[in-house]
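Report on the structure given below.
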Amino acid sequence: MNRCLISLLTGWALLIGTSGLFAQQPAAPSRAIIVFDASGSMYGQVPGGVKIDIAKKVVSDIVGSVDPAMELGLMAYGHRKKGDCEDIELLVPPQPGSSAAILKAVSGLEPKGKTPLTAAVIQAAKYLRFEEAKASVILVSDGVETCDKDPCMAAEELERLGIDFTCHVIGFDLKPGESSGLECLAKKTGGMYLAAKDAASLKTSLEAAMKQVAKPVTTLVVDAKKSSGGALIDGVNFQVFAEGAGENAIATGSGGHWSTELPKAGKYTLSAKLGAKSIELDVTIKDGETVTKEVVFAETGVKAVAYDKEGGVAFEKDVSWDLLGPADAEGSRPKVSFSYEAKPFLQVAPGTYLLAATRGNATASVEVTVKEGPPQVVKVILGSGNLKLSAISAEGQPPIAKDVSWELFSPPDAEGQRKKLGYSYEAQPKMTQPSGPCLVVATYGNAKGQREVEVKAGETQEIVVLLGSGKLKLSVVMEEGGTPVAKDVSWDVFGEADAEGNRPKVAYSYEAQPTLAVPAGKFQVEVAYGNAKAKAMVEVKAGATTEKVISLGAGKLKLSALAVEGAEPISKDLFWELQGAADAEGNRSRAGYSYDGQPSFSLPAGKYLLQLEWGAAKTKQEIEVVAGKLTAIPIVINSGSISISAIMAEGADPVSEGLNWDVFGEPNAEGERTKVTYSYDAQPKLHLKAGKYTIMVTRGAAAAKADVEIQAGKMVTNVLNLSAGTLKASSSTPGDWEVFGPVNAEGERKKLTYSYDQNAKLFLPVGKVLVVRSKDGKKAEQEVEIKPNALTELTLDAK
C-alpha cells in the first residue's frame, strides 16, 4: 500500500520516514529528509509575519520533538539561484541526532528562486529508497509547481513504484484554484490535504500531518462544497455507517471540513446532510490509510467523459479534469471545479465554462454551457495513443527490468529546441501521449538510447529502444590475487580521448564493487582507495557484462605515537605527514596526512618519509609499505608536556587573559637561542622534546622567565610570577601616554610601554614608574608606584 501525504506550507517540504518521529514513539527509528522550499514567494506576508520566518519557526518546533535516534536530513530548493529549476540541494544527510545541524542550515536559508517541488519530492523519495522500503513525504509549499512537472503525474509514479510511500499536503496561503495539483498529489496516494492561512493554522495542520506520519491510523476526511474543487461550505452534518453493522452510526460530525478515525479497514457508507439535501457515498478504506471524500451540494453541472478518438471507448481511469470559468479582461480563466475521477459529475451553477481533460501527457478541452435542470453529458476527445516502452541493451536481449528512466520530447522547433512532453521512472511504462511525432529517450545508468515515434490516436504501440550498452563490474584488490576491498573506494570512468587528449567522464561510483551500465566502447577506469590510486583500460561490449579487477599494488599503514617507549599511545594534538621518495632534485611530494590519534593510510607499496608533530615536538622516520600487508608502526617521539600559567604576584590567582608566551631551546655555540614555540593562551599546555628550555611570558610591560627541563613521558607544571600590577590612566583630553621605569645608575629611565588611548589600562612591573602625558608640545608627568596585583588609578592632562 502506498500512502501520500503532502503538506504545502510556506514553501518548505518535510520528507520524513513513516515511523519513529516523536520521542515518545517506541517504533524503530527511520530515515527521513526535510525538504525546505526557499522559493522567492516565501518572502510574502501572511497574518503572523513573513512566510519564511513562520516556516523556520515551525521547522524548529517540529525538529525539536523528533526522536534523536531518527536519521533525519535536510533538503532545500530555490535557495541559491533565481530562475534555476535544478536548484535542489541535500544540505544535511540523514543521520541520528541531526537536529542542531538542520536548525543551523534552515536558519541560513534565503528565498531566491523557483519552485521545483515535484522534482524535490522525487529526489527525496529516491534518496530514501522508496522502491525498497517504507517512506513518507511532507511537502509544505506556498505556491504551485513552476518547473514544468506535474505533481499529480508524479504521485501516480511514486504510488506505482513505491513499497509504502506516504505524503501529507499542507497548502499555505494558496490562492483559489492553486491547490488542485497538490490535492491530487495527496489524494491519489491516500493522504490528507490540509489548508493553512496563518501561523497558527499552519502549526495545527502540520502537527496533524506529523501525527499521521508517526503513527498511521485509518482516517476518513470529508470536504463539503457547492462545486467540485470549490470552496468549503459549513453547516453540513455527517454520519458514517459500517457495512453490516446495522443502522447505528459509528461516527458523527458537522462542519465543512471534517475527519474521523475509523476502527479498522473495510467498507463504510458516508451520509452528508445540508438542510433538506442528503448525499450518500460508499467508502472503501485500507488499514492505516487516509481517504478523502468530497460531497458536493449543487443542482446543475456536467457529466464528463473522455475518449482517445471519435468512436473510441470511454476511459475508465487515470483522467483528470479542470473546469474553468469565463475569461477576464486579460484572458485568464479562474478554475471553478476539478476532479480526478475518470467520469466525474462536476456540479456547478449555470454558466459558460471551458472543460479540460488530461490523461498522461494528452490534453484536450471544449467550451460548455451549463443550463438549469439535469446535468448534461459532455464528451472530450483527447486524440491520444499509448506507448508501451521497453529498453534492451543489445539486439536479442530481454527488456531491462529496472532502473530505466524515460523522457518524451516534441519535434524540434525553428531553433532546434525540443519541448519535454512527459517522463517516467518505471522500467517498462505505458504512457498516454497526444497523437503526432515525438522523440523517446531511454536512460539506463550512464547509457542512453532514443527513437523517433509517431503516436496514433486510439492505438497502443510497443516501442523498444536499443541502448547499445553493457555492464561494467568493477572491484579493486590491494595486490594481485588479493581479496576485493569492501568499502571506502571511489571510481571514475572516462571515455576515449579526443584530439587534445581529454577524456569525458562517463560514470562514477562510491560503491566498493559497483556494476555500472555504460555505452559499448573503450574506457579508462580510475580507482582510489585512501591515498592509493590506479587506472586501467577496459572494453565493454553491448549486451555483455565485463568484469575488471584492478590491483593497487598497495598496503595499509597503521600509525601510533608514544611519548616514550612503553607508554600508552597519544590520542590527540598530533599531525602526521607522509612524503614520497625524493626526485632528482631532492623534492618530495605529499603522499598523505592526518590529524587522527592513530591514523590508517592506504598507500602504494614503497618507501616514505614520515613526519610527526606533537605540538612543538617533532620527529622524522623512514618507513616502508608492503603490497597487500598491514604495517603497524609505533613512533616514539621522546617528548613530554608542560602546563604553564602566570600570576601577577605571589598568592594571586592565575592570569586569565592578555599573555604572550615564548619557549626557547638551549643556546647554541654562539649563545643564541632558537624559538621553539609560542602561545597566546592564558594557561597553555605545550608538548616539547625532552630537554632544557627557557620560558618567557609577558603581559603588557610586565615580564617573567623560567628555565625548565622536559622529561620524556612526563608532565611538568610551572607558574611564572610577573611581579606586576595594573595602572588605569585617564585623561580628559586626547594625547599620548608613555611610561618609563625607575632611574638607573646613569640617571636614565627605560621606556616600558606607551598607548594612544585616551583612557589606557597598562600592566607594569612592580616599583616606581614615571607616567608622561603629551599632546602637541604640551606635557604633564607624574611618578606613581605600582604595587603587586593591585590597581593604581591616575588622572593626568597634558597642559
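The first residue in the sequence is number 1, and the count goes up from there.
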In a table with atom names and distances, give each donor-acceptor pair under 3.5 Å that connects a side chain of residues 110-124 to protein atoms at least two apart or in another chain.
unit_1, atom_1, unit_2, atom_2, d
E110, OE1, Y43, OH, 2.3
K114, NZ, T146, O, 3.3
T115, OG1, S39, OG, 3.3
T118, OG1, E145, OE1, 2.7

Query raised in the report: Is there a side-chain contact between K149 and C147 (heavy atoms, below 4.5 Å)?
Result: no
Query raised in the report: Does the pair K335/D322 count as a salt bridge with the N-to-O cut at 4.0 Å?
Result: yes
Query raised in the report: Taking all atoms of both residues into account, what is the closest heavy-atom pair of V319 and A357, and its distance?
Result: CG1-CB, 4.3 Å
Report task. Taking all non-hydrogen atoms of both residues into account, name the closest pair between L220 and L262 and its distance. Result -> CB-CD1, 4.0 Å
Report task. For K343, enumerate each residue passing the salt bridge (Lys or Arg N to Asp or Glu O under 4.0 Å) test, keeping only those at least two apart in sequence or located in another chain. Result -> E316
Requested in this report: Can you see which heavy atom on A195 is nearest to which on S205, and at what distance?
Outcome: O-OG, 3.5 Å
Query raised in the report: Yes or no on side chain to side chain contact (heavy atoms under 4.5 Å, CB included) for M192 and T292, after CA distance, side-chain angles and deciding distance?
Result: CA-CA 7 Å; M192 289 190 294; T292 301; 5.5 Å; no
Report task. Side-chain contact test, heavy atoms from C-beta onward, threshold under 4.5 Å: evaluate it for I54 versus D173 and give yes or no. Result -> no
Query raised in the report: Would you say Q376 has more than 12 foreign heavy atoms packed within less than 6.0 Å of its CD?
Result: yes
**Report entry** Heavy-atom neighbours of E261 CD exceed 12 at 6.0 Å
**Finding:** no
Query raised in the report: Shortest non-hydrogen contact from A306 to L382?
Result: CB-CD1, 4.4 Å
**Report entry** Stepwise side chain to side chain contact (heavy atoms under 4.5 Å, CB included) test for L323 and V370
**Finding:** CA-CA 11 Å; L323 193 63; V370 176; 5.6 Å; no
Query raised in the report: Looking at F238, does the NZ or CZ of K293 lie under 6.0 angstrom from its six-membered ring centre and within 45 degrees of the ring axis?
Result: no
Query - Spatial distance of atom CG (N237) from atom NZ (K273) [nearest 0.5 Å] - result: 8.5 Å
Report task. Measure the shortest side-chain to side-chain distance between Y340 and K187 over non-hydrogen atoms and say whether it is less than 4.5 angstrom. Result -> no
Query raised in the report: Quick one: does E341's side chain have a donor or acceptor within less than 3.5 Å of a partner on W321's backbone?
Result: no
Query raised in the report: Do F338 and E183 have side chains that get closer than 4.5 Å, going by heavy atoms?
Result: yes
Report summary line: Heavy-atom nearest pair, F172 first then K197, reads CE1-C, 3.9 Å
**Report entry** Expected output: side-chain K56 to main-chain S107 donor-acceptor under 3.5 Å
**Finding:** yes
Query raised in the report: Any side-chain heavy atom of P151 within less than 4.5 Å of one from C184?
Result: no
Query - Over all atoms of both residues, closest heavy-atom pair of L185 and A155 - result: CD1-CB, 3.3 Å
Query raised in the report: Are the side chains of L355 and L346 in touch, meaning some heavy atoms are under 4.5 Å apart?
Result: yes
Query raised in the report: Under the 3.5 angstrom rule, does the side chain of T300 hit a backbone N or O of V348 as a donor-acceptor pair?
Result: yes
Requested in this report: Kindly indicate, with the supporting measurements, whether the criterion side chain to side chain donor-acceptor pair (under 3.5 Å) is fulfilled by S424 and E157.
Outcome: CA-CA 7 Å; S424 176; E157 287 287 296; 3.0 Å; yes
